[in-house]
Amino acid sequence: MKPPYFLLLAVLAALTGLLLTLRHDSLPVEQYSRANESNSIVEDFSMLDYSKCEDLIELECIDEVVPQIDEFADRPLEELNQAGLYYSGNGFDSESREKRLSWIAAQQYPDGGWVACLPAAERNLTPRLGRNGATGLALLCLLETGYTHQEKSQYQKQISAGLHYLIEHIDDQNSDSTKEIYSFEDAEGHMVSHAIATLALCEAYGLTKDKALLPYVQGALNSIVNCQHENGGWGVDRTSAPDLVTTGWIVMCFERGVLSYLKVEPSAIKAAKAFAERAKPTPENRLRPLELAMWGKATILFGATRETPGMAECIRELDALGCSQSDCAYNYIAYSVMRRWDDDTRRRWRDALLKLDENVRNSSGAFQETWPPYEPAGKHDFWNSRLERTCLMYLARHLELRDKWYHYLRDRPDPPLDDSFPL
């Protein structure tokens with residue numbers, strides 16, 4: 001007796017389903033294993049082992065970039081505008097942003113750090129930053145875009161290696177682990193390198209709350225307080241007279257420390273605020289462009305209003321100076337000041353910065369997403385290397401993409417603030 005046709009059909013369907021299930025299960029397991037091998041999450045920095053950097057050889061740039069845009073960048077412009085987080089028409093599209101970020105990441109050395117001046121093409125330049133500062137600046141670009149060492153991405157390994165480099169290159173001369181004081185000063189960048197490395201550690205800790213980072217980032221802030229001058233400022237190094245540029249970077253560290261729930265000595269903040277008040281621009285006290293921008297930046301972080309003495313004068317002078325063709329550190333800091341004044345000023349500076357950036361991109365040949373080195377005749381200029389200038393302009397353009405700290409404070413309660421930082 002022949003079996004009914006519906007039984008044969010049922011058997012065939014079951015066999016087909018079994019084959020499909022086996023095929024479906026086999027591929028994802030293999031792909032997932034490969035992904036885990038290339039993107040392992042690092043939780044203990046002591047487990048990492050990177051080879052020592054031998055000769056300083058420039059790494060090749062990434063020619064083809066596969067954009068991997070984060071969730072925030074994919075949000076509709078209308079939604080971002082309603083939240084006050086984005087101005088349409090800023091021109092910094094996701095593809096351009098990823099190409100520039102990929103170039104920055106590709107300059108990392110085998111030991112995990114970055115070098116301010118790429119020796120193959122910029123051998124005669126004098127960089128502003130030492131290796132710790134250059135590493136911190138590159139890490140800031142990656143971290144402020146929302147990437148971390150604990151989340152799978154194309155930059156996870158670079159960020160992890162960069163953080164490990166900083167921790168492995170603590171300045172032993174000015175550090176004391178028994179008092180939780182860790183310095184990232186280096187021979188070239190001194191206190192500015194320490195400040196920028198501290199900013200990167202604050203950002204990484206604020207994004208992840210990784211306990212492995214906590215002693216180092218807190219120790220870096222403690223080191224800043226430990227070497228503060230009596231008048232409330234900081235100099236190029238521990239023996240130099242305080243200046244506005246170095247002090248401005250330090251105040252930015254304090255701000256991010258507060259936002260990351262780290263301990264910042266209130267008396268140190270108040271002393272720095274008093275230093276900035278005494279250094280305000282006046283007709284008798286004419287400040288250089290970067291000093292002027294840094295004064296405005298620090299004063300805003302201390303809660304400046306339109307009536308704050310010196311603030312209107314600072315805005316007028318910065319507006320008269322406009323964007324710089326050469327000083328990218330000035331562009332970054334000045335724009336972060338001017339965009340807070342009013343909408344008209346913000347738009348004018350945004351458009352000027354966009355035009356300046358596009359002119360450089362259109363004229364830089366093989367390095368379309370980088371800013372070329374700057375070496376004026378007869379002297380060396382600070383922040384003049386390709387890496388320094390590209391990172392600073394990336395950070396300046398990134399200010400328009402999202403408000404500071406929004407990417408990790410949006411789902412958390414407001415940080416504890418005092419009168420020194422009414423952000």
Side-chain angles (χ1 to χ4, degrees), residues 133 136 140 174 179-185 189-203 205-206 217-282 285 287-288 290-305 307-311 313-314 318 329-330 332-334 336-337 340 404-405 415-423:
L140 275 176
N174 294 311
K179 297 180 180 180
E180 294 185 345
I181 294 175
Y182 292 108
S183 171
F184 295 93
E185 299 171 61
H190 297 297
M191 283 304 300
V192 173
S193 275
H194 173 79
I196 294 178
T198 302
L199 283 172
L201 290 170
C202 284
E203 178 87 327
Y205 177 75
V217 63
Q218 184 62 63
L221 290 169
N222 295 345
S223 178
I224 289 174
V225 175
N226 186 57
C227 64
Q228 186 176 26
H229 285 251
E230 292 182 356
N231 65 358
W234 289 263
V236 174
D237 54 41
R238 291 170 181 257
T239 61
S240 300
D243 63 84
L244 273 173
V245 174
T246 306
T247 301
W249 285 109
I250 297 294
V251 172
M252 291 167 66
C253 292
F254 283 170
E255 178 221 14
R256 298 202 187 190
V258 170
L259 287 172
S260 299
Y261 294 81
L262 295 161
K263 298 177 183 178
V264 182
E265 180 61 41
S267 61
I269 297 176
K270 291 178 181 178
K273 184 178 181 180
F275 175 84
E277 289 173 350
R278 291 192 300 270
K280 64 180 178 289
T282 64
N285 183 30
L287 302 177
R288 292 178 299 159
L290 184 54
E291 290 177 331
L292 183 68
M294 272 298 189
W295 181 87
K297 176 72 173 180
T299 304
I300 285 175
L301 294 180
F302 287 130
T305 66
E307 290 73 34
T308 298
M311 198 67 217
E313 178 71 17
C314 174
L318 289 176
Y330 161 82
Y332 170 44
I333 302 300
S336 69
V337 172
R340 292 172 178 257
K404 184 187 293 184
W405 301 95
L417 304 177
D418 58 25
D419 293 337
S420 301
F421 284 102
L423 301 175

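Just so it is clear, the values below take in all heavy atoms, side chains as well, and ignore hydrogens, waters and symmetry mates.
Note that the CD1 atom of I224 and the CD1 atom of I181 stand 11.5 Å from one another [nearest 0.5 Å]. Atoms CZ and CG, from F254 and L221 in turn, are 7.0 Å apart once rounded to the nearest 0.5 Å. Note that CH2 of W249 is 4.5 Å distant from CD1 of I333, once rounded to the nearest 0.5 Å. In this structure, CG on L244 lies 6.5 Å from OG1 on T247, to the nearest 0.5 angstrom.
Under 3.5 Å, the side chains of T246 and D243 contain a donor-acceptor pair of N or O atoms. No hydrogens or angles considered: nothing links the side chains of N226 and S223 as a donor-acceptor pair under 3.5 Å.
Listed for the H194 side chain is a donor-acceptor partner under 3.5 Å among the backbone atoms of A220. One N or O on the side chain of Q218 and one on the backbone of K263 form a donor-acceptor pair closer than 3.5 Å. With N231 contributing its side chain and F275 its backbone, the two residues share no donor-acceptor pair below 3.5 Å.
Crowding of E265 atom CD: a count of heavy atoms from other residues, nucleotides or ligands under 6.0 Å exceeding 12. Residue R278 places its CZ atom among more than 12 non-hydrogen atoms of other residues, nucleotides or ligands, all under 6.0 Å distant.
Between C227 and N174, every side-chain heavy-atom pair lies at or beyond the 4.5 Å cut-off. Residues M311 and I300 are in side-chain contact: their nearest non-hydrogen atoms beyond the backbone lie under 4.5 Å apart. W234 places none of its side-chain heavy atoms less than 4.5 Å from the side chain of P242. Taking the side chain as every heavy atom from C-beta outward, I196 and M252 never approach each other to under 4.5 Å. You'll find the side chain of K297 stays beyond 4.5 Å of the side chain of L292, heavy atoms only. For the pair T299 and T308, the minimum side-chain heavy-atom distance is below 4.5 Å.
Closest of all the heavy-atom pairs between Q228 and A271 is NE2-CB, 3.6 Å. The nearest pair of heavy atoms linking R256 to C202 is CB-CB, 4.0 Å. Of all heavy-atom pairs spanning N285 and A279, the tightest one is ND2-O, 3.2 Å. When all heavy atoms of A195 and I250 are compared, the pair lying nearest together is CB-CD1, 3.9 Å. Between F184 and A197, the shortest heavy-atom contact is CB-CB, 3.9 Å. The two atoms that bring A334 and L318 nearest to each other are CB-CD2, 4.3 Å, heavy atoms only.
Outside the 6.0 Å centre-distance limit, the rings of W295 and F302 are not counted as a close aromatic pair.
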Exercise for review: Apply the test side chain to side chain donor-acceptor pair (under 3.5 Å) to residues S240 and D237: give CA-CA distance (whole Å), side-chain angles for both, the deciding distance (0.1 Å), then the verdict.
Suggested key: CA-CA 5 Å; S240 300; D237 54 41; 2.7 Å; yes
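Using a 4.0 Å cut-off between charged nitrogen and carboxylate oxygen, E185 and R238 count as a salt-bridge pair.
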